[in-house]
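Accompanying notes for the structure given below.
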Amino acid sequence: MVEHHDLLRSFKDNCGFGLVANIKNKPSRKVLDDAVTALERMMHRGAVAADGKTGDGSGLLLSMPTEFMVKVAAESGVELSKQFAVASIFTKDLKHLDVLDEICANNDLKIVLRREVPIDINALGDQAIASLPNIVQIFIVPNSIMATNRFDALLYLSRKETEHKLIEDRDFYIASMSSTVLSYKGLVMPTHIKEFYKDFNDESFKISFSLFHQRFSTNTLPEWRLAQPFRAVAHNGEINSVEGNRINVEIKSESIKSDVFTDEEIQRILPILQLNSSDSASADNFFEFLIVNGMDFFKAVRAVIPSAWQNAPHMDPELRAFYEYHSTVFEAWDGPAAFSVTDGRYIGCVLDRNGLRPSKYIVTKDDNLLIASEYGVVDIAEEDIKERGRLQSGEMIGLDLKFGKLLKSDQINDYLKGSNPYMKWLNEHMIYLQEHVEEQYSSCNNINADELVKRQKFFNITQEIVEQVIEPMIKDGKEAVGSMGDDTPLAAFSDKQRNFSDYFKQKFAQVTNPPIDPIREKVVMSLNTGFGEVHNILDEIPTHAHRLKSISPIITKEKLEVLKSFGDKSSPRYQAFYHNTTFSTAYTTDLKASLDTLVTTVIDSVRNNGTRIVILDDSEFDENTKVIPMAMAIGRLNIALLKEKIRHLVSMIAVTGEVVDSHSAAVLIGYGASAIYPNVLFATVANQLSNSKSLQLSCPEAYKAVHTALNNGLLKIMSKMGIATIASYRNSGLFDVMGLSKEIAQECFEMSHCAIAGLTYDDIDERIEKFHKSAFKNDGFKKIFPLNIGGYYKFYTGQEHHDFGPAVIHAIHAVADSGKKEDFDRLKNLVNNRGLKFIRDFFDMKSGREPIDISEVEPKEAIFKRFASAAMSLGSISPEAHETIAIAMNRIGGQSNSGEGGEDKSRFGTERVSKIKQVASGRFGVTPAYLRSAEEIQIKVAQGAKPGEGGQLPGHKVTALIGKLRHTVPGVTLISPPPHHDIYSIEDLSQLIFDMKQVNPKARIAVKLVSTIGVGTIAAGVAKAYADKIIISGGDGGTGAAPLTSLKFAGNPWELGLSEAHNALKANNLRGLVELQTDGGLKSGIDVVKAALLGAESFAFGTGVLTIVGCKMLRICHVNKCSVGIATQNEKLRQEFFKGHVDQIINYFTLLAEDVRSIMAELGYKTMEEMVGQVSTLKVKDDPFAQKFDFSAVLHEEEGVNTHQQRFNHPFDDNSFEKDVLKEAMVAIKSPDQPIRITREIKNVHRSFGALVSGEIAEYYGDDGLKPDTIKINLTGSAGQALGAFITPGVSIYLDGVANDYIGKGMNGGKIIITSKNEGEEFSAGGNTCLYGATGGKLYISGSVGERFAVRNSGAFAIVEGTGDNACEYMTGGVVVILGKTGINFGAGMTGGVSFVYDQEHRFVENVNHELVEAVRIDTDEGDEARHYLKRLLKDYVVETKSKKAIELLENFRVEVRNFWLVKPKNLTKLPLNLENGD
Amino acid sequence: MREYLTTERIDPSKRLVVERTKDFGEIYEVFDKDDAASQSDRCIQCGDPFCLNKCPLHNYIPQWLKSIAEKDLDLAFRLSNEPSPFPEVMGRVCPHDRLCEGDCTLNDGHGAITIGSIETHITEEGFKAGLTPNFPGITSDKRVAVIGSGPAGLSVATYLLRSGIAVTMYERADRAGGLLTYGIPNFKLDKKIVERRVSLLEDAGMKLVLNCEVGKDLTFEEIANKHDAMFIGVGATKAKNAGLAGEQAANVYAAMDYLTNIQKKNFKTAYDKKFDFKDQDVVVIGGGDTAMDCLRTAKREGAKSVTCLYRRDELNMPGSKKEYKNAMEEGVDFSFLSSPKEIILDESGKAIAVEIVKTTLGAKGSDGRQRMEEVKGSETRVNADIVIMSLGFDPVVPSFLAENGIETNSWGGIVINEETHETTTSGIYAGGDCFRGADLVVTAAFDGREAARSIAKSLLK
């Protein structure tokens, strides 16, 4: 387990990456020069330390520069044989090299030369010099005659052995050790790498290919060893599933048999993965292992990073068979990833299944291949370009260096699928459980009523669970949705019956990796589950296809029985490799001892009885026996079996009453269960059907609905972490364990982090005992209504504590209305005397200072400045409530937060304005004027109520006003995607912050994160990405609507996250750069002061503010019927029943500030500034229950400043390029009647071009901007990311060349025209995620563009000649014309706007996501309007671009029109075909 | 659910005033299925159900509203009868407008859910449909004596019987029910309703001993010796005095005496004829529910005029608004802001009028009620043939309490451990008005339930 303190200095890294290669494998200087140039040009994708020179690391992995190596060896008197290898080593202690010598000697290798690599330390920053190791090259030759393969194998073996031996020494690192590739990397900025490594300046230093990489680390403690590329891989992105993958590699290691190494040698190689390394390094280790052991290069890549095959009917069945076969032993390494890979013989690049990282390639006429994150990193004349393309989701491109052949995705796939008769193997061996089920869902097993009640009571299935959780699943086939936040204590702190799965909080992706949309991008998701032994991964034989398969890990009784029959000796179907045994988890006394016994029994059975499927069953309990919590049993067995090295032999299945929702299922799967039969849940469903009058379904229908709901819930939980397949999720332990002792956490949930360690086995045993008793004792009364009533989701008197319970709500209302101190005192007493419910309640405050008189404490106005209302959009709440809050916060000098959903411009510049403008993933109403009106721009990366998820504003809530503000049509459903589609990674966030700082240089940029273990790492990265402020939200935050399992089980208390972020920023010396804010249920002065002591400088209030203006915690925000007129758009409710007013808010905050002041006086602090971060003031209460828990993580204190020391955190890129343009443009901005033309050459390092100028225009003219073409800018070259971001009417950008990702992001008007000599569909001219959140304007590109074109477009007109996958996703308005191929999943989540697609090959319809849109023909009478509209658009396009394709189409319009599809939302009746709406 | 925007609150229909004042039949009709369902359907199903929080019994209100909206009577019946010993009684007599309905989220202009009426509907319809609360029978060898058959006693008996514990109930009156029988007029609570509950308990194994006053007909020890525990629920029946000059007059009556006698009259059993007030001018002093009961009873008994004297205004009346409204409808005169100073007697010592002084209300005091000031020189008289004092009740303190170490406080209330309801003598429990002073039926029911919980816990270890 990783200790908390280590986390403060841990990191995540992302970057820019790529490769250059000569297709014919001809070494040259040019390849090296190009690689270095490319690196230099991607500086902005990395980060620079405070010394301005130390980068986070960059490097090159080169083809062996044989000529140079032979030369330098000769200079040292060594004549190299043809067979030689060079190791590149970083070491502080040269003696460590002797270890390598010795091991090599043992392995029949001979070291012929040690060469100190000549370097120039003038190229390094201070930090890099301080940690500079010796950089040594070791020349190695075989000691006897051996084949090249054996030589390479021994090199690998020797390296692994050396690494194992020197594992304790972090300063010893072998960067590469190979006969074919050589690493040159380090803590050096790309601009200085050539200067640093003197070798590069030698004319004989020639290479034929190079992988290159520029690193952006979230921490400021970069190390030499962490620079990439690794031995085989350069990776951009982050492996979301790496936790699961690591465990799974360990499991696979148990059954390795290699043709290359003996068993004994394999043992010397293991473990495959180096400990404590990054996700990229782990992937490199694994990949390298496969290759060295003789696995085919392409197979290895595709086995590890498969494209989405499970739900891809468009895919070739033979190829799917290849993937399915490999899925028996490999699970996807999933997440945003662009991998460059080489083994020396082949070189390739592969993109993850979601296409979340950019990977762009150019093939030149002189046989060079360049792949990089961006176009324009090497200057290549247009006429030299043979091909300019990009990898699409799940695609691979490769190079066979031996034969000088470029291999495209299709060729690679043909090779893969043809290499073995996979389809036949599957047909012969794979067993699909479904095929053997006569009738699914037929056995409505009825545990008898009395027995069922006991089970329900023991497993905490209350009436509330039945009503709130189970019934919605039956009725809707979906998880129940709720609103507002979670105001109950952690399970560990609760004295009420809680499920064991409540101790686990789901992890979620934020910033460094993105979540996925499991609904709209379902095509990449899969719950496909297999059972059976994990075979040797290194060979391909037919019988590896032995596998029982289920489409979901949630299985029914029927499937369980089928599965059992295959492993039951008395059954004719019996096959030994499915031999199963059922173990009961019942116990009578001593939980821990019983768990130990269970482990021993299972291990014995696997070892000696051939058990291959372990079924754990908790149904055999009664009055005298209890059951071990299933997650504990599964988790413990998982780890124990792994320690015994027999985990690969078995699959585990849980037959349990504990699973009632997707969260409890996910916990079991996350800790190793392959499948779950939730018997009590199903029995409860059957029981409800027979008892409830309102459920008019048959049992099979209801079971199916519940099954569907659980499946979708699991997909949602996985997708929150950005994981697409259940196979990659299994074993990942992606939870934070809350309040269980270290012993339990280590023995059962080792892969997870544990916070506030506390409850021991005995404590858990005691709790089980208590509820076991109550299940059988009936509280003394024979119940007429036997189930417990509940109280976890909603308040119920005497049940679980709710911090916004009726008493508190009434008290807050009283304070707000009266403004009297005695009312506040009443509230304060309620809050401060709630008992030990939340982490902060466990601390007393003792400053050790003398109390001071309250008059010495800074005035309340100084404290008001630190108060903000939390983000609540107009839409989630009514305009009346929204404005009341804004006015009140402005009057007291605090800040209000617009939420995301636009703001009426009439509010700008008045006291109704929201000082904070939010930018969330939907980008609704995010226009230049909106951003310009902000004092602070808040980028919401995650929301406490539902981190990792998107949202949806149902059409019926979209009123005329909301429609206008969000730039859509009233009544259109508005979907916010789970990720920001321009933030998949830390360098992307840095780019978005850069965009924002251009549009509004006066605004501070804040980034909102949600508390989770590891948020410190993220916070450090965000500070390095130049945010000015970071918000750590508690997981208890509110929402207008979210699935209950998200409300309850994702996101940690703010205390944990705040403390971690505060300390991580300090540990990385970044604290002074950024302000820290927190929010989460703050109510009284003590709450606020404790937050300050833990490091918060400012405080936000969400639910609290709503309560002040009348909220009564109805928790029905999602149904538009809020009876107090707050969370509703209903005219009557807003006008007649909204009783909130400004004074209420002022009353409350005045009393709160005074309460804060009086506590400050008691503690002896005059100002907040001096109080913030004084952690030592907090002491754990002297209380036996409090003493049970370990709060050291929360109360940890690093050295350093506690508050921000600067208002702005300026980026290293000062954007002088556009500042210079702005100077010229100012003439036209000042005198808009005098249009101006500006000409520039642009490079990929010039980012967000247009945003600065447009922000300035918006300052004076708002979103109306200027007249068309007032400022016309002619550019040539390759534009950097976000060309034309947030441009306004009046700005026209003409680019002769190509542009990168995010073209026209948030554009509101004007135009962007991109043309190039190399035009047409086959030439890529723009990157990914163009027009994200655009609200107007025109974008024409006479080439093709990348993934997610026009995502969330709500007003722009665009014409391009081809796109990648997921085009027009979430679009709500505007018109998109695509004159070529589109990729899959077109129009997912598209609720507005229209699209025309030219489909010559008539394959387009396959690519449409038919959930919300339909594709219709326009060559009909009905299509008349659309047809002519299209024609006019094309004519305009031709005028601007001279596109050959468009000219041809127009010339043959009568014929070609039949190849066009019109794609429109199904329920859109009136098409927005109005040219005048355009610019 | 949440149909409050389209469906308005309706109260169950009442019998016409001219009809209903002619007899003592209940004035409200029970909701029919459709009304009950559509009224329940208005419920928001709040996240913080203030209604159940405010309800002393914490009844599963939102839960049974939902089941009634879904026309699932069986579920609603079980939900409603779980935490409440006699929901059909509570539905009739509870001051809902001050408790659940008063705190209902919708009670801010939308109109609260008609919780009380739906509560009545559930159990009435349930009984009609043959549903019945299940009792397991006497399954233990433990026996508990319950002294007093009022709401607290009936409640404790209900829950003890549900725990399989034998109960003997001692009642000094000729019928069981205490306040429910003799304190609440039939037009509010039909006595058949009470009788039905009592028989249910008897069917479940309860032994009922009527006309048995402890300390007189049986000694405390005799009872104690035969039982494993004892619950005292003897209520608070001693009328409070106003301390007015003239209140000792023969035609000045205590409210409870009046109500009891009229109920006896309705039962057609012997009663004191002096309580026939036909054609008399009746003045009732007090503004609580009991005062309303007296006023309306007198009206039905044919009094010439019926006047209520109350010191504060109508907003400050402690009784239920609903009952006040009903009284108004039925022709009761209300004289608010009228503080009685003296009862004027004629030479024979008979009360003939009440001297009052007018009052005004000022700022709220520490108890949350507005302070009252008398207006100088505003004295007037209200003529009266009969004066009924309805100023609340104190517990009577039977001598067996002190004799057995059961402590009482300054005003005679029995001292108990509020968690266990145990008195200062081990094994003896108490609850209801004899512990709280005159309070609501629902709080007595709560005490009974909680006392039963701890008795069962201690006996069935």
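Letters go in sequence order (proteins before strands), and every chain restarts at 1.
In terms of non-hydrogen atom pairs under 4.5 Å with chain A, the most contact-rich of B/Leu75, B/Thr105, B/Asp74 is B/Thr105. Heavy-atom pairs under 4.5 Å with chain B peak, among A/His810, A/Met484, A/Arg1115, at A/His810. Taking A/Ile1116, A/Ile789, A/Leu787, A/Asn1130 one by one and counting their heavy-atom pairs under 4.5 Å with chain B, the maximum is reached by A/Ile789.
Between A/Lys1121 and B/Glu3 the shortest heavy-atom distance is NZ-OE2, 3.5 Å. Counting all heavy atoms, side chain and backbone alike, B/Glu70 lies closest to A/Ser694 at OE1-OG, 3.2 Å. The nearest pair of heavy atoms linking B/Arg78 to A/Pro786 is NH1-CD, 4.3 Å. Of all non-hydrogen atoms in B/Pro49 and A/Phe795, the two that sit nearest each other are CD-O, 3.2 Å. Pairing each heavy atom of A/Ser692 with each of B/Asp72, the nearest pair is CA-OD2, 3.5 Å.
Both the backbone and the side chain of B/Leu79 have a heavy atom closer than 4.5 Å to some heavy atom of chain A. With a 4.5 Å cut-off on non-hydrogen atoms, A/Leu1133 touches chain B through its side chain but not through its backbone. Residue contact with chain B, scored on non-hydrogen atoms closer than 4.5 Å, involves the backbone of A/Cys1122 exclusively. In this structure, no portion of B/Phe135 lies under 4.5 Å from any heavy atom of chain A. Residue B/Lys54: no heavy atom, backbone or side chain, is found under 4.5 Å from chain A.
The number of heavy-atom neighbours closer than 6.0 Å to CD of A/Glu822, taken from other residues, nucleotides and ligands shown, is above 12. Other residues, nucleotides and ligands contribute more than 12 heavy atoms inside 6.0 Å of the CD atom of A/Gln1135. Heavy-atom contacts from other residues, nucleotides or ligands closer than 6.0 Å to CZ of B/Arg143 number 12 or fewer.
Side chain of A/His802 to backbone of B/Asp48: no donor-acceptor contact under 3.5 angstrom is found. Under the 3.5 Å distance criterion, the side-chain polar atoms of A/Tyr796 are matched with a main-chain donor or acceptor of B/His58.
In this structure the side chain of A/Glu464 never reaches within 4.5 angstrom of the side chain of B/Gln63, judged on heavy atoms.
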*Please step through salt bridge (charged side-chain N to carboxylate O under 4.0 Å, His left out) for the pair B/Asp108 and A/Lys1112, ending with a clear verdict.*
CA-CA 11 Å; B/Asp108 58 359; A/Lys1112 296 180 187 172; 3.1 Å; yes
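Interatomic distance, A/Gln468 CD to B/Gln45 CD, rounded to the nearest 0.5 Å: 7.0 Å. For the atom pair NZ of B/Lys66 and CD of A/Gln463, the computed distance is 7.5 Å after rounding to the nearest 0.5 Å. Interatomic distance, CG of B/Leu52 versus NZ of A/Lys794, reported as 10.0 Å (0.5 Å rounding). Between the CD1 atom of B/Ile44 and the CG atom of A/Leu1114 there is a distance of 5.0 Å, given to the nearest 0.5 Å.
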